[in-house]
Amino acid sequence: MGGTAWEPPRPDMGEGAFWFGGSHTASRPTSDRRTTMAKKQREKKEQTYDEELYRIRHSAAHVMAQAVLEMFPEGKIAIGPPIKDGFYYDFDLPRPLTPEDLEKIEERMREIIKGKHPFIRREVTPEEARELFKDQPYKLELIEDILSRGTDEYGNPLPEGERPTLTTYKHDTFEDLCRGPHVEHTGQIPVNAFKLLNVAGAYWRGDENRPMLQRIYGTAWKSPKDLRRYLNWLEEVKKRDHRRLGKELDLFSTHPDVGAGLILWHPKAGFIRHMMESFAKEEHLKHGYVFVYTPHIGKSILWERSGHLDFYKENMYAPMDIDGQDYYVKPMNCPFHIMIYKSRIRSYRELPIRMAEWGTVYRYERAGVLHGLMRVRGFTQDDAHIFCRPDQMPEEIDKVLQFTLHILRSFGFEDFQAYLSTRPEKAVGSDEMWRDAEKALEDALQRADLPYEIDEGGGAFYGPKIDLKLKDALGRTWQCSTIQFDFNLPERFDLTYIGEDGKEHRPYMIHRALMGSMERFFGVMIEHYAGAFPVWLMPTQVRVIPIADRHNEYAAQVVEKLQAAGIRAEGDYSDDRMNAKIRKAQLEKIPYMLIVGDKEVEQGTVSLRTRTGEKQNNIPLDAFIERVHKVVAEKALI
RNA sequence: GCCGACGUAGCUCAAUCGGCAGAGCAUCCGCCUUGUAAGCGGACGGUUGUCGGUUCGAGUCCGACCGUCGGCUCCA
């Protein structure tokens with residue numbers, strides 16, 4: 001699948017973020033995450049922010065709230081912002097909403113919209129506001145926050161220069177605490193271009209200690225055509241869902257008796273993963289990495305020293321008792337790599353050491369967050385730790401970022417978004433180390449000419465990092481790669497090398513994973529390619545289809561020649577009709593089907609049909625072999 | 001973990017008010033010998049996720065557990 005011309009991103013991104021399609025995704029900076037944008041990015045975002053859509057969606061949320069309150073007069077309302085692709089509103093209601101309720105609400109919304117009720121803005125005093133919302137505890141909390149903390153109604157900081165004022169917008173019978181903007185009257189919400197999608201639980205203010213509200217998600221557009229396109233896109237997303245394709249293509253499974261979030265890789269996926277890993281490992285060797293292998297468990301003293309039992313314990317599985325000692329299954333590989341580093345004295349001459357391992361780790365993830373291959377409890381990282389001297393650090397960062405892009409591009413990803421996370425308030429390591437590291441990361445990003453955002457204070461306490469998100473064929477972004485400084489572990493484990501001066505020095509340690517985890521990356525690959533992987537990765541590249549069984553012998557000869565040429569080919573000698581064989585191969589997304597019948601036997605040729613529907617009759621086998629060789633060499637799609 | 005929904009053959013789904021558990025595909029066995037996405041017929045396949053409860057009787061009602069899905073929260 002090529003890039004879709006129109007690519008609305010998914011509707012589940014950050015709170016308060018407002019996204020609009022086109023090939024650039026964009027967020028309106030209303031979230032309370034401390035995110036500052038690079039200038040380039042900010043300009044891009046201003047261009048794609050669509051105020052008309054914002055108004056429509058924001059207004060649709062108000063109309064929905066009115067409809068819900070009419071249904072449940074005793075209901076409490078929370079917040080209802082526009083988001084990319086739509087809007088939501090959170091409610092505290094006496095009973096759970098059903099799909100039938102949504103239909104009724106939607107119907108009532110249409111009536112309200114047709115009423116063309118004007119949206120009227122007014123400023124209110126704190127006293128007025130408190131009186132107006134005296135039965136709405138969530139609104140009262142927001143009012144106090146706006147007054148005391150100077151935030152907007154979603155708890156986000158106000159734009160510079162804006163004073164905290166209380167404003168409401170009223171249409172028909174519904175008045176809401178709101179900063180706007182809205183459409184002029186409800187009739188400007190396109191009555192046939194919105195749809196309520198689903199109900200979901202959501203904590204008040206995203207805090208799991210606070211009440212669970214019911215959130216209704218809706219989508220709204222400027223025209224029915226846009227809505228139609230969006231709904232079609234949702235269908236396409238469903239078709240590409242890696243969980244569905246994983247089953248259809250017999251790629252992987254899970255089983256309750258094995259355990260949630262633990263993946264069984266079936267032979268086809270095993271083959272593809274093998275190809276991916278072989279390639280990536282070769283590249284690692286070419287790029288100066290050394291491979292290590294380390295155990296899956298380690299004694300508690302190791303995890304105490306690394307700090308994992310202090311800071312990461314809730315993600316670790318309970319220890320097992322071995323000869324009276326506690327052993328833990330590893331959630332990370334770093335302590336083991338460090339022990340290899342520490343196994344002898346290190347000289348400045350042998351740095352950098354780039355220690356890589358396809359390390360399988362296990363992390364406890366709360367049951368509700370598990371999701372196919374994307375979020376699991378056991379996974380294999382393409383992990384490496386780079387130990388280097390301070391003077392080598394900038395170059396190492398540069399190299400690792402280039403290497404990351406090389407690997408990701410090899411797997412067919414072209415669009416990336418980078419996030420640079422800087423020093424949080426509580427942190428280990430000197431100011432100088434942080435400054436140097438952050439500078440090296442940002443310089444590398446600029447040299448790589450990557451769009452990036454800076455997440456001020458978003459780094460871990462032990463070091464700054466770059467996270468790379470890659471964009472798939474549907475324009476959705478996925479976090480896989482991470483390049484992360486660690487100022488903590490070298491201290492904790494007292495890592496040293498002997499410098500030119502004969503004295504001990506502390507090396508820098510950089511943790512990095514390029515694909516991230518094989519599980520997630522494979523999941524992203526499935527969705528990116530909709531299961532039709534590039535030819536070099538496909539377990540079966542060519543299916544030879546004899547038309548009648550008198551052609552089986554010739555088909556077998558073709559298969560043999562292809563295999564001799566290093567192409568993974570097989571014949572379909574079943575007694576299905578040719579049409580059925582084609583359909584079968586097509587459903588398996590096998591790149592090339594070679595059809596052989598009387599004509600081909602006679603002329604010593606093959607007829608080609610690709611999984612994309614391309615047809616070429618009676619071509620010489622050698623020409624086809626040449627084509628496949630080229631496509632494989634280029635890691636092309638077909 | 002929390003809110004809500006769901007779990008029937010390998011897969012996709014039926015089964016009225018609580019009254020004998022079904023279809024298509026897949027698989028297997030035959031027949032057919034075929035020209036670019038499903039040829040025809042037959043057979044096999046189930047302790048309705050698990051455990052417990054209500055009932056004369058439970059796929060259907062109730063409870064617990066396991067798992068999945070949509071979100072929230074948290075992350076490769």
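Proteins get letters first, then strands, A, B, ... in listed order; numbering begins at 1 in each.
Residue A/N209 contributes atom CG, which lies 13 Å from atom P of B/U73 at whole-angstrom precision. The CZ-P distance, from A/F252 to B/U68, rounds to 11 Å in whole Å. In this structure, A/K469 atom NZ and B/C75 atom P are separated by 12 Å, rounded to whole Å. The separation between A/M374 atom CE and B/G71 atom P is 13 Å, rounded to whole Å. Atom pair A/Y419:OH and B/A76:P shows a separation of 14 Å (rounding to whole Å applied). Distance A/E248 CD to B/A26 C1': 13 Å, rounded to the nearest Å. Between the C1' atom of B/C69 and the CZ atom of A/R375 lies a distance of 16 Å, rounded to the nearest Å. Rounded to an integer number of Å, the gap from NE2 of A/H371 to C1' of B/A76 is 14 Å.
Straight-line distance between the P atoms of B/U8 and B/C56: roughly 30 Å, to the nearest whole Å. Nucleotides B/C75 and B/G4 are separated by 25 Å at their P atoms, to the nearest Å. Using atom P as the reference point in both B/G52 and B/G57, the two lie 16 Å apart (nearest Å). One P atom belongs to B/C61, the other to B/A23, and the distance between them is 24 Å to the nearest Å. Rounded to a whole angstrom, the distance from the P atom of B/G70 to that of B/C29 is 39 Å. Going from the P atom of B/C11 to that of B/C2 covers 29 Å, rounded to whole Å. If you take atom C1' in B/U68 and the same atom in B/G30, they sit 40 Å apart, rounded to whole Å. Spacing of P atoms, B/C20 relative to B/C28, comes out at 34 Å, to the nearest Å.
Judged by closest nucleotide on RNA chain B, A/A260 is the one of A/A260 and A/Q484 placed further toward the 5' end. Mapping A/E208 and A/L370 onto RNA chain B by nearest heavy atom places A/L370 closer to the 5' end of the strand.
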One character per nucleotide, please: for nucleotides 3-14 of chain B, 5' to 3', B when the base has a protein heavy atom closer than 4.0 Å, S when only the sugar-phosphate does, - otherwise. BS------SS--

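The pair A/R550-A/D598 meets the salt-bridge criterion, since a charged nitrogen lies less than 4.0 angstrom from a carboxylate oxygen. The pair A/R210-A/E141 counts as a salt bridge, with a side-chain nitrogen and a carboxylate oxygen less than 4.0 angstrom apart. In summary, A/R95 and A/D101 engage in a salt bridge, as defined by a charged side-chain N under 4.0 Å from a carboxylate O. Comment: A/D415 does not engage A/K469 in a salt bridge, judged by the lack of any side-chain N to carboxylate O separation of less than 4.0 angstrom.
Side-chain contact of A/T422 with A/E456: a donor-acceptor pair under 3.5 Å is present, judged by distance alone. Using modelled atom types, one finds a donor on one side chain and an acceptor on the other under 3.5 Å when comparing A/Y462 with A/Q484. Remark: the A/Q616 side chain and the A/S607 side chain contain no N/O donor-acceptor pair separated by less than 3.5 Å. Side-chain N/O atoms of A/T294 and A/H337 include no donor and acceptor closer than 3.5 Å.
Applying salt bridge (charged side-chain N to carboxylate O under 4.0 Å, His left out) to A/E527 and the options A/R476, A/R240, A/R520 leaves one that passes, A/R476.
Annotation: side chain of A/E365 is in contact with side chain of A/R375 (closest heavy-atom distance under 4.5 Å).
Contact annotation: A/R243 side-chain N/O to B/G70 OP1/OP2 distance is under 4.0 Å. For B/G1, one of the phosphate oxygens OP1 or OP2 lies less than 4.0 angstrom from a side-chain nitrogen or oxygen of A/Y364.
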Which pairs, protein N/O on one side and nucleotides 33-43 of chain B N/O on the other, fall under 3.5 Å?
{"from": "B/U33", "atom 1": "O2", "to": "A/D549", "atom 2": "N", "distance (Å)": "3.1"}
{"from": "B/U33", "atom 1": "O2", "to": "A/D549", "atom 2": "OD1", "distance (Å)": "3.3"}
{"from": "B/U33", "atom 1": "N3", "to": "A/D549", "atom 2": "OD1", "distance (Å)": "3.4"}
{"from": "B/U33", "atom 1": "N3", "to": "A/D549", "atom 2": "OD2", "distance (Å)": "2.8"}
{"from": "B/U33", "atom 1": "O4", "to": "A/D549", "atom 2": "OD2", "distance (Å)": "3.1"}
{"from": "B/U34", "atom 1": "OP2", "to": "A/R550", "atom 2": "NH1", "distance (Å)": "3.4"}
{"from": "B/G35", "atom 1": "O6", "to": "A/D598", "atom 2": "N", "distance (Å)": "2.8"}
{"from": "B/G35", "atom 1": "O6", "to": "A/K599", "atom 2": "N", "distance (Å)": "3.1"}
{"from": "B/G35", "atom 1": "N1", "to": "A/E600", "atom 2": "OE1", "distance (Å)": "3.0"}
{"from": "B/G35", "atom 1": "N2", "to": "A/E600", "atom 2": "OE1", "distance (Å)": "3.4"}
{"from": "B/G35", "atom 1": "N2", "to": "A/E600", "atom 2": "OE2", "distance (Å)": "2.5"}
{"from": "B/U36", "atom 1": "O3'", "to": "A/R609", "atom 2": "NH1", "distance (Å)": "3.2"}
{"from": "B/U36", "atom 1": "O2'", "to": "A/R609", "atom 2": "NH1", "distance (Å)": "3.1"}
{"from": "B/U36", "atom 1": "O2'", "to": "A/K615", "atom 2": "NZ", "distance (Å)": "2.8"}
{"from": "B/U36", "atom 1": "O4", "to": "A/N617", "atom 2": "OD1", "distance (Å)": "2.4"}
{"from": "B/A37", "atom 1": "OP2", "to": "A/R609", "atom 2": "NH1", "distance (Å)": "3.2"}
{"from": "B/A37", "atom 1": "N7", "to": "A/R609", "atom 2": "NH2", "distance (Å)": "3.3"}
{"from": "B/A38", "atom 1": "N9", "to": "A/R583", "atom 2": "NE", "distance (Å)": "3.4"}
{"from": "B/A38", "atom 1": "N7", "to": "A/R583", "atom 2": "NE", "distance (Å)": "3.4"}
{"from": "B/A38", "atom 1": "N7", "to": "A/R583", "atom 2": "NH1", "distance (Å)": "3.2"}
{"from": "B/A38", "atom 1": "N7", "to": "A/R583", "atom 2": "NH2", "distance (Å)": "3.4"}
{"from": "B/A38", "atom 1": "N6", "to": "A/R583", "atom 2": "NH2", "distance (Å)": "2.6"}
{"from": "B/A38", "atom 1": "N1", "to": "A/R583", "atom 2": "NH2", "distance (Å)": "3.1"}
{"from": "B/G39", "atom 1": "O4'", "to": "A/R577", "atom 2": "NH1", "distance (Å)": "3.0"}

Atom pairs under 3.5 Å, N or O on each side, protein against nucleotides 59-65 of chain B: can you list them with distances?
none

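Among the atoms of the strands shown, none is found under 4.0 Å from any heavy atom of A/E519. No engagement by A/V361 is indicated, since no non-hydrogen atom pair under 4.0 Å with the nucleic acid exists. A/G206 comes within 4.0 angstrom of sugar-phosphate atoms only, judged by non-hydrogen atoms across all strands, and of no base.
With distances taken from any side-chain atom of A/P256 to the nucleotides B/C66, B/C74, B/U73, the minimum falls on B/C66. Of the candidates B/U68, B/G70, B/A76, the closest approach to any side-chain atom of A/T254 belongs to B/U68.
Other residues, nucleotides and ligands place no more than 12 heavy atoms under 6.0 Å from the NE2 atom of A/H274. Counted within 6.0 Å of CD on A/E553, heavy atoms from surrounding residues, nucleotides or ligands total 12 or fewer; the atom is thus considered open.
Both thresholds, 5.5 Å between centres and 30° between ring planes, are not jointly met by A/F521 relative to the base of B/A76, so the two rings are not stacked.
A/D572 pairs by the side chain to side chain contact (heavy atoms under 4.5 Å, CB included) definition with A/R543, A/S574, A/K581, not counting sequence neighbours. With sequence neighbours excluded, the residues that form a salt bridge (Lys or Arg N to Asp or Glu O under 4.0 Å) with A/E235 are A/K238.
For the pair A/K281 and A/W358, the distance from NZ or CZ to the six-membered ring centre is under 6.0 Å and the angle to the ring normal is within 45 degrees. Cation-pi check for A/R57 over A/F87 is not met; the charged atom does not lie both under 6.0 angstrom from the ring centroid and within 45 degrees of its normal.
Judged by distance alone with a 3.5 Å cut-off, a donor-acceptor contact links the side chain of A/R520 to the base of B/C75.
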Output field dot_bracket for RNA chain B (Watson-Crick or G-U, both distances under 3.5 Å, | for other-strand pairs) contains (((((((..((((.....[..)))).(((((.......))))).....(((((..]....))))))))))))....

